[in-house]
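So the structure is just underneath, and the comments pick up after that.
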Amino acid sequence: YLPNVNIVWNEAILGVELSNSDTPLSLTNVLIAGNKWRIGGGGIYNLRLSTTITNVTITGNYSDVAGGGILNEFYIAEPTGANISLLSREPTTLRIHNSILWGNYASGDIANKNIYNAGAFCLFSYSLAEGSSTPGFWENNRNGGYMHGENYLDMDPLFVEYIDPSSSEWGVTNKGD
C-alpha cells in the first residue's frame, strides 16, 4: 500500500516499476508527474502485478517508446538453453479508479501517449483519460491484452499549470517550492 506520495521529476531507463510480486499493490492519493523514462511507462511500468490506483494523477510524463503515462505489461519468459524462467501465470490487472491520465507523451512506433497495454488487463472507472473517446483508444493492446472502461470522461481537467513532457526544458523550474 503506497498512500499520499509524490513521484515527480525523475529520469531513468524504465518508469516507476511495479513488478515481480505476488502481493497486490494499491496506490492512493498519489501524484506521478514530470518523469522521463527511456524505454517504457513514463509514469508507471506495471509488470506482472495486480495494481489498483485510486485518486491518482498521472500527468506530464514522457517515454521514448510506449506508454507515456502507463505501460501495463504481462509476459511469460521463453526458456532458452538450460535457463528457464518460471514466472507467475496470473494475469496482470491494472484497475484505475477516480484518477486522471492526462498530458503524457510517448514517441515510439507503438506509442500511446497515456497508456499502452501489452498482454494485460486494464479496467477504468470514474476517471478522466485523455483520448479515451477517440477510436482506437480501447483497442490499444497487443498480445491479447484487454482494456475496458465505465463512467470515464475524455475532458480536460484544466490544470492550473501544464507540464509539457516534450519540452527541452523538462524538469527545469524557477518557481521555488
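Scope of the values below: all heavy atoms of this structure, side chains included, with no hydrogens, waters or symmetry mates.
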Distance in Å, [X] [atom1] paired with [Y] [atom2], rounded so as to fall on 0.5 Å steps:
X: Thr52; Y: Leu25; atom1: OG1; atom2: CG; result: 8.5 Å
X: Leu101; Y: Asn114; atom1: CG; atom2: CG; result: 5.0 Å
X: Asn117; Y: Cys122; atom1: CG; atom2: SG; result: 5.5 Å
X: Asn72; Y: Ile115; atom1: CG; atom2: CD1; result: 5.5 Å
X: Thr59; Y: Phe159; atom1: OG1; atom2: CZ; result: 4.5 Å

(message) I need the minimum non-hydrogen distance between Gly43 and Trp37, along with the two atoms involved.
(response) N-CD1, 3.8 Å
(request) Work out which heavy atom in Pro157 is nearest to a heavy atom in Leu128; give both atom names and the distance. (result)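 What the structure gives for the nearest pair is CB-CD1, 3.8 Å.
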(message) Please confirm whether the ring centroid of Phe124 lies under 6.0 Å from the ring centroid of His148.
(response)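 Centroid separation for Phe124 and His148: 6.0 Å or greater.
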(request) Check the pair Ile44, Ile32 against side chain to side chain contact (heavy atoms under 4.5 Å, CB included), reporting the backbone distance first and the verdict last. (result) CA-CA 8 Å; Ile44 293 175; Ile32 301 172; 3.6 Å; yes
Can a donor-acceptor pair be found, under 3.5 Å and without considering hydrogens, that links the side chain of [X] to the backbone of [Y]?
X: Asn61; Y: Lys36; answer: no
X: Asn35; Y: Asn10; answer: yes
X: Asn104; Y: Ile58; answer: yes
X: Asp156; Y: Leu158; answer: yes
X: Ser127; Y: Tyr152; answer: no
X: Ser63; Y: Ala106; answer: no

(message) Angle between ring planes, Tyr105 versus Tyr62, binned at 30° and 60°: parallel, tilted or perpendicular?
(response)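 Parallel.
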(request) Name all pairs fulfilling the salt bridge (Lys or Arg N to Asp or Glu O under 4.0 Å) condition that reach into residues 123-133, sequence neighbours left out, sorted by first residue then second. (result) Lys113-Glu130
If we only count heavy atoms from C-beta on, is the [X] to [Y] side-chain gap below 4.5 Å?
X: Ile53; Y: Val30; result: no
X: Glu73; Y: Tyr45; result: yes
X: Pro3; Y: Asn29; result: no

What I want to check is whether the side chains of [X] and [Y] have a donor and an acceptor closer together than 3.5 Å.
X: Thr51; Y: Asn46; answer: yes
X: His97; Y: Ser125; answer: yes
X: Tyr126; Y: Asn151; answer: yes

(request) Kindly indicate, with the supporting measurements, whether the criterion side chain to side chain contact (heavy atoms under 4.5 Å, CB included) is fulfilled by Ile96 and Leu123. (result) CA-CA 6 Å; Ile96 301 171; Leu123 309 170; over 6 Å; no
(request) Please determine which of Asn55, Asn4, Thr57, Ile7 meets the side chain to side chain contact (heavy atoms under 4.5 Å, CB included) test together with Leu31. (result) Thr57
